[in-house]
**Q** 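The structure's right below; bear with me while I get my questions together.
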Amino acid sequence: MIKKILIGIVGVIVVLLIIGFVLPSKFEIARSATINAAPQYVFEEVNDLEKWNNWDYWHSLDPEMKITYSEQKSGTGATYEWSGNSKVGEGKLQVTESNPAASISADLFFMQSPEPSKAKYTFEPEGENTKVTISFATDFGMNPFMRWMGAVFFPSEMEKAFDYNLSKLKEIAEAKPKFSVPISEEETQPISYVGISTTMSYENAEAINAQMGKSYGELGAALGKAKVAMTGPAIALYPKWDETTKQMEMVCAFPVAADAKVPAKYKVTQISGGKAVKAIHKGDYNTMMATHEQIVQYITFKKLEISGVPYEVYITDPMTEKDTAKWVTEIYYPVKQ
């Protein structure tokens, strides 16, 4: 009887193995969701590996999972290795390609497997929303056991994981503040300039406009007489801003070469390059204060620290373009690296 049972068990195993060999060796899955947030807001949660514990399904299965990060924790080349309970096992993830606010690709090595599985996250803008798609693909090769896993276990578990991930990413991204102007973090180059400084009330728009016209007119005439070429559009810097007295220092300036020979009355100064938060303001200058306020809100939300003088770059020359709706101004706030 025991012999018959053993033979029967062996027979079942043989049949399962045979079936396993004819099951598909490749497994692929993809899930999408629409998130009411900008692509960057979702991208930054996936691009930074230290943020995965906030939204990743597998992290939720083992809060005590041991994770070892590489020195680089975000972007192409970032990696982490994990080791946890029986539900998550152990393995390694490496970001192989990171395209800002567009897509992220990663290789996953499960249980010290020499061949990686492939994961990809794409972020497609749809008006004010973002279509986020998560895809996963792996090849089980000739392993019949893993082919059975791919046919029976993987589909439901991966669907559960993707639905969880998309739901959490949606929750996190949609809770972030929304801005009506494009805001980004940039690496800026140094700018050499010559300018005229004035201290005045920041509440008197008419006086500000008059002073800017006077300063740029004087400066332009002086540079023209000295035959000093401008190297870019006009800029305005705001070294001081006092909300108690309602006073500000405004420097109306033109960029020039670092070694420019300017009239003795003026001197060439430099804006240091480095990391800055940039906003693009479109339209009349009278509504620019609201854009400044949004930049400050962004800096506060991102827990950044202002480390330099804010400045505006007037991409559109109002003397040649009379339609204020077409005016474009770039606003920069230098922040600590």
Side-chain angles (χ1 to χ4, degrees), residues 181 186 188-274 276-296 306-335:
V181 296
E186 308 283 343
T188 62
Q189 298 300 312
I191 301 174
S192 298
Y193 69 90
V194 59
I196 296 175
S197 175
T198 306
T199 298
M200 60 190 306
S201 170
Y202 59 72
E203 292 187 321
N204 191 335
E206 185 176 342
I208 291 172
N209 291 336
Q211 182 59 51
M212 292 181 88
K214 178 182 177 182
S215 295
Y216 284 122
E218 175 189 331
L219 198 56
L223 294 178
K225 186 176 180 180
K227 297 182 179 180
V228 175
M230 301 173 196
T231 58
I235 60 178
L237 301 90
Y238 301 93
K240 294 180 182 178
W241 191 279
D242 191 328
E243 295 192 6
T244 301
T245 63
K246 309 297 183 183
Q247 295 288 299
M248 69 173 182
E249 179 185 358
M250 177 178 68
V251 179
C252 297
F254 286 118
V256 296
D259 58 354
K261 305 299 181 183
V262 299
K265 181 180 178 180
Y266 311 100
K267 71 173 184 176
V268 178
T269 311
Q270 190 175 71
I271 300 172
S272 299
V277 174
K278 169 188 173 183
I280 299 176
H281 176 86
K282 296 181 179 180
D284 197 286
Y285 300 144
N286 292 331
T287 61
M288 204 178 299
M289 182 62 73
T291 301
H292 279 272
E293 291 172 352
Q294 290 194 57
I295 298 176
V296 173
I306 298 173
S307 65
V309 176
Y311 60 97
E312 301 166 348
V313 180
Y314 304 109
I315 304 301
T316 306
D317 183 351
M319 299 303 293
T320 58
E321 177 55 70
K322 300 304 180 183
D323 185 354
T324 60
K326 295 181 180 179
W327 291 359
V328 176
T329 306
E330 295 178 349
I331 305 174
Y332 294 86
Y333 275 64
V335 293

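We count residues from 1, following the sequence as given. Everything quoted here is computed from the prediction, not taken from an experiment.
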**Q** Output, in order, the C-alpha distance, side-chain angles, deciding distance and verdict of side-chain contact (heavy atoms from CB on, under 4.5 Å) for Y193 and V251.
**A** CA-CA 10 Å; Y193 69 90; V251 179; 4.2 Å; yes
**Q** Of all the heavy-atom pairs spanning G220 and F254, show the shortest one and how long it is.
**A**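 Nearest pair, atom of G220 first, then F254: N-CE1, 3.7 Å.
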**Q** Quick one: does I295's side chain get under 4.5 Å of V181's, heavy atoms only?
**A**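 Answer no - side chains too far apart.
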**Q** Run the numbers on I280 and I315 for side-chain contact (heavy atoms from CB on, under 4.5 Å), then give the verdict.
**A** CA-CA 10 Å; I280 299 176; I315 304 301; over 6 Å; no
**Q** What's the shortest heavy-atom distance between A205 and N286, and which atoms?
**A**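 So the minimum-distance heavy-atom pair works out to CB-OD1, 4.2 Å.
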**Q** For S272, does its backbone N or O pair with a side-chain atom of Q270 as donor and acceptor, under 3.5 Å?
**A**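 No.
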**Q** Drop me the distance from E218's CD to I196's CD1, to the nearest 0.5 angstrom.
**A**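 Between atom CD of E218 and atom CD1 of I196 there are 3.5 Å.
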**Q** Might you point out which heavy atoms bring A257 and V268 nearest each other, and give the distance in Å?
**A**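 Result for this residue pair: O-CG1, 4.1 Å.
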**Q** Give, for atom OG1 of T291 and atom CD of E312, the distance between the pair rounded to the nearest 0.5 Å.
**A**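 One gets 9.5 Å once the value is rounded to the nearest 0.5 Å.
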**Q** With a 4.5 Å limit on heavy-atom distance, are the side chains of I191 and Y311 in contact?
**A**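 A side-chain contact exists here, since the closest heavy-atom pair is under 4.5 Å.
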**Q** What's the spacing between C252 SG and I208 CD1 if we round to 0.5 Å?
**A**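 Between atom SG of C252 and atom CD1 of I208 there are 10.0 Å.
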**Q** Do the side chains of I271 and I235 get nearer than 4.5 Å, heavy atoms only?
**A**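 Yes; the side chains approach each other to less than 4.5 Å.
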**Q** Given I331, which partner from the list M288, K278, Q294 fulfils the side-chain contact (heavy atoms from CB on, under 4.5 Å) test?
**A**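 Single pass found, and it is M288.
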**Q** What closest approach, in Å, do A222 and P263 show between heavy atoms, and which atom pair accounts for it?
**A**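 Closest heavy-atom pair between A222 and P263: O-CG, 4.0 Å.
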**Q** Just wondering, are more than 12 heavy atoms of other shown residues or ligands nearer than 6.0 Å to NZ in K282?
**A**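 Atom NZ in K282 is not packed in, count stays at 12 or less.
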**Q** Taking C-beta and beyond as the side chain, do W327 and Y314 meet within less than 4.5 Å on heavy atoms?
**A**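 No, too far: nothing below the 4.5 Å cut-off.
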**Q** Taking atom NZ of K214 as the centre, report whether more than 12 heavy atoms of other residues, nucleotides or ligands fall under 6.0 Å from it.
**A**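 Open: at most 12 neighbouring heavy atoms sit under 6.0 Å from NZ of K214.
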**Q** Can you measure from CD (Q211) to OG1 (T198) and round to the nearest 0.5 angstrom?
**A**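 Here the interatomic distance stands at 3.5 Å.
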**Q** Between the side chain of T188 and the main-chain N/O of G274, is any donor-acceptor distance below 3.5 Å?
**A**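 A pair under 3.5 Å: yes.
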**Q** NZ of K322: more than 12 outside heavy atoms within 6.0 angstrom?
**A**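 Yes, enclosed.
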**Q** Can you tell me how the ring of Y238 sits relative to the ring of H292, calling it parallel under 30°, perpendicular over 60° and tilted otherwise?
**A**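 The rings of Y238 and H292 stand perpendicular, inter-plane angle above 60°.
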**Q** If I compare all heavy atoms of M248 with all of S201, which pair ends up nearest, and what's the gap?
**A**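 For M248 and S201, the tightest heavy-atom pair comes out as CE-O, 4.5 Å.
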**Q** Atom CG in D242, atom OH in Y202: separation rounded to 0.5 Å?
**A**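 Atom-to-atom, D242:CG and Y202:OH are 7.5 Å apart.
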**Q** Just so I know, are the side chains of S197 and M250 near enough to count as touching, which here means a heavy-atom distance under 4.5 Å?
**A**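 Sidechains of M250 and S197: no contact.
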**Q** Does the side chain of W241 reach to within under 4.5 Å of the side chain of P310, using non-hydrogen atoms?
**A**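 W241 vs P310: side chains apart.
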**Q** What is the distance from atom NZ of K246 to atom CE of M200, rounded to the nearest 0.5 Å?
**A**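 The CE atom of M200 is 15.5 Å from NZ of K246, to the nearest 0.5 Å.
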**Q** Does the side chain of T287 reach to within under 4.5 Å of the side chain of H281, using non-hydrogen atoms?
**A**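 The answer is yes, as the side chains (C-beta and beyond) meet within the 4.5 Å cut-off.
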**Q** Which heavy atom of P318 sits nearest to which heavy atom of T316, and what is that distance?
**A**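 Answer, listing the atom of P318 first, then T316: CD-O, 3.2 Å.
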**Q** Less than 4.5 Å apart, any side-chain heavy atom of L223 and any of Y266?
**A**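 Sidechains of Y266 and L223: no contact.
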